[in-house]
Amino acid sequence: MHLSKVLAGQDDSLAQLASALTKAKLQRSLARFRSPRRLAVSILAILLALVWIGQAVLGIFLRESADPERLALWIPLSLTAYALWNVLKITFQTPVEPFEWTESEREWLIGAPIRRADLIKFRFRTIFVAALLKASIFALVMIPDLSILPLGLIGMLGGLLFIDLIRMSVEVFVYGLNQTERIAMRCVVGALALLSGGFAVDWAIQNSDVGLSLASAASLGFLLKIGLGFVEQTNTWFGVLVMTPFQLSSDVVLANQISTTILLKLVFSFGIVWVHLRGLISLDQRWLQRRHQREVSQFDKIKTAYTTRVKANAKIRKLKLPVRFGGSGPLAWRQFHGARKYQVALIAALSVPFVLNCLPALSELSGLAMVMNVVAGLACYSILLLPAAFKFDFRRDVNRMSVLKSLPISPLKIVVGQLSAPIMLTSIFQAVVLLTVMIINPYHPFLLLVSLAILLPFNVFIFGFENLFFIWFPHRLQEEGIQVFLRSILAFTAKGFLFVIALVVSFGWLYVAKSLADLLFPDSTQTATTVFFMLGMWASMGLLSSISVALLTRAFSRFDPSRDLSGVT
Amino acid sequence: MKQQKVIDVVSFQKAYENEIAVDNLSFSVDAGQVLGLIGPNGAGKTTTLRAISGIIPSSGGRLCVGGNEVSSNPLAVKSQTAYVPDDPQLFGDLTVHQHLAFVASAYRVADWTEKMSALLERFDLKEKVNSLASDLSRGMRQKLAICCGYLYQPAALLLDEPMTGLDPRGIRMLKSSILEQSQRGAAVVISSHLLAMVEDICTHVLIMDKGRKKFQGTIGELKTTFANNTNDATLEEIFFQAVEKTSIGLPVLADAMVSTSGPVGS
């Protein structure tokens, strides 16, 4: 039987659709890539791809192979950690439906006489292709460490598929729960996560070489010890149980000969994936029925509450209009309303980076050195984490781009309005961290103001760039598959590239600032260096943020929903 | 002769989280009948059509097509039902031809190439057969969705605002094609705000408001009930009278059953 048929399920129409969609997407991507209108974007994508490939090839040929024992520890551990992170994340979400379908899929597939099991296999196919690509890249990058390349690929494929199936199963499970059950599950999973974290910290304290003190608690070594505290939990029965499927994958990945044992492990590894897929299909079926029965049994209750609410809602409450600010105000106001819906999840997601960012306050550092440490940490999180957490900008408006284009507001004002919410939320997070650090380990308020003044244009730059990338390569937030993976690689490469440039420029400027201070203020070199450095950083950040906003405004002006969103929505 | 009941809805109810969309709706449509589903925005028309076609689950009641219940035998229902939404969401990357090929495969249509050619010719889509769905105009997308629905000759045809985006020629063609479908024996339900069109081609009318049935019967029965036997009253006048009357609690023909009239034109 043809592979695509197996992956898409037994239904011929789905196999046919899957194949047609893949070919069409490829053709569309190539056509877009060659389009003169997107020439600059295509060149940028090629450059980023070249940077990434060059970096990967250099890594393959220049680096020595890693210690097999360390790999045998870290591969299953990383896969387990990623799987558990997915479980934790989805537990605190409220899925609208199991397996998010696009509008076209909902109309054409759900309405068609196709078995639900085949639809799930169709969805699994998308995931399989993406996992295959990820596993291939993993195998290539790990060439120096792998004895048998195909086993490395297949072993990792099994592990990645298992993670995706866990993610899908938890989504289906959470969808089928009622409000009370969902809260209970959140409490249990949250408590387990806290317990695990507590165990890791306790282990780190017990095994700390330098003894327990506030200063040692903030050191990088202590953080690594906490990481090892998590590793230590793999020796418990629970750890062994959770890690077993990934241990099998890891053993296959790192095998140095094809033995019966390895082949058995390979069979087991994919056997678990197959059983899990069957289990997912069964869970989906049972959970849909469960939810349906609940809906039926609660109809009268909902009806009574609805009737009361409709009467109450008929009263028009006073609503204060947002300040217009040339049109940016209402757009920002709308995005803030969107953010309010996710406030609990956001606070939960930001709590860990908040604690980690505050750690330098407990260290031996103080004054400027400590604040710079905190600011550097904030900058790092603002690049890596916050753009993914605060998607209250163009990225959640892929279906509303035509509406945005039709507004009687200038493109610049639209960009300002769309970016306001994530930039302000990020700035608020940074201010809260800096204030907390100030309370724990007091420093001069002037440093707080200077830090915020530098971080603000930095935030504009980060979100401007993130949105620019989105306007150039628009996509749905819930999208899955190869394109998402390739886009992530390109975006990550671009960010890494920018980060390296920023570091080089910063050090270069520090050197220039010191030279200038030596020349102009020989009596107070240190203060002058700091002032010159800060002024230079602020000016360059201001310039970069202006450039990103200008580029984004231009990209938005040129954005053509009929062409740029074709095949996306 | 007793007509065959193709669509049978009994005490259907639907809640979305905390909202009530449809409450205790019952009606049936026989083979060859064309039922106009009318009502103000938010009446529950689209929800009803989507539930019958098996796209969304019900929160209670029984929905049957061709004797099969949606909840217990969804595949049998779906293979006999065509639902054309008001704003068809096509696969932007697929061509017109590929959409029809998918439908032919999913619904196991024999001789689909000939049927497809005839439909494309009829709906002026022949020149667009290799065009991507994302390159089609609003009206053309509507026509393609209708062609896909007609391709497998369903027993139940559910059309949600089918005239949206169609040009006058397209509207005329659609009207005549709906009548042909009913003559072939399909049970047709058309949700529409174009009351003149409903009056033109529908044999029966079901008026909904706020998720509840306000009236069901033939156009003649509707006029008898709400227009004081004035035969020249338009459906629009009757519609407003019906919705307003029923909303202040005057008697309604809520439980009137569809009379067993023959197919249109027979």
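Order of the sequence lines fixes the chain letters, A, B, ..., with proteins taken first and strands second; residue numbering starts at 1 for each chain.
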Check this for me: [X], atom [atom1], are more than 12 non-hydrogen atoms of other residues, nucleotides or ligands nearer than 6.0 Å?
X	atom1	result
A:Gln179	CD	no
A:Phe92	CZ	yes
A:Lys405	NZ	yes
B:Arg184	CZ	yes

Under 4.5 Å from any heavy atom of chain B - which part of [X]:
X	value
A:Gln289	neither
A:Arg116	neither
A:Ala305	neither

With chain B, which of A:Ala20, A:Ser297, A:Ala24, A:Ala112 has the greatest number of heavy-atom pairs at distances under 4.5 Å? A:Ala112
So which heavy atom on [X] is nearest to which on [Y], and how close?
X	Y	result
A:Ile302	B:Glu19	CG2-N, 4.3 Å
A:Ile114	B:Phe102	CD1-CZ, 4.1 Å
B:Ala106	A:Pro113	O-CG, 3.6 Å
A:Gly111	B:Tyr107	O-OH, 3.4 Å

With distance as the sole test, does [X] use its side chain to make a donor-acceptor pair with the main-chain N or O of [Y] at under 3.5 Å?
X	Y	value
A:Glu103	B:Gln89	no
A:Ser13	B:Ser105	no
B:Lys78	A:Ile110	yes

Between [atom1] of [X] and [atom2] of [Y], what distance do you get to the nearest 0.5 Å?
X	Y	atom1	atom2	result
B:Leu90	A:Trp108	CG	CH2	5.5 Å
B:Gln98	A:Ser19	CD	OG	8.5 Å
B:Phe91	A:Leu17	CZ	CG	5.0 Å

Could you walk me through whether B:Lys14 and A:Glu295 pass side chain to side chain contact (heavy atoms under 4.5 Å, CB included), step by step? CA-CA 8 Å; B:Lys14 177 66 188 171; A:Glu295 223 175 272; 3.1 Å; yes
What part of B:Asp87 gets within 4.5 angstrom of chain A, counting heavy atoms only: side chain, backbone, both, or neither? backbone
Is chain A contacted by the side chain of B:Val77, its backbone, both, or neither, given a heavy-atom distance below 4.5 Å? neither
By salt bridge (charged side-chain N to carboxylate O under 4.0 Å, His left out), which residues pair with B:Lys143, not counting sequence neighbours? B:Asp167
Which residues pass the salt bridge (charged side-chain N to carboxylate O under 4.0 Å, His left out) test with A:Arg400, sequence neighbours left out? A:Asp397
Tell me which of these, B:Pro74, B:Ala101, B:Ala145, has more heavy-atom pairs under 4.5 Å with chain A than the rest. B:Ala101
Under 4.5 Å, heavy atom to heavy atom, which residues of residues 50-68 of chain B contact chain A? B:Arg50, B:Ser53, B:Gly54, B:Ile55, B:Pro57, B:Ser58, B:Ser59, B:Gly60
Distance-only check: which donor-acceptor pairs under 3.5 Å involve side-chain atoms of residues 146-157 of chain B, not counting sequence neighbours?
unit_1   : atom_1 : unit_2   : atom_2 : d
B:Tyr150 : OH     : B:Ser177 : OG     : 2.8
B:Tyr152 : OH     : B:Thr81  : O      : 2.8

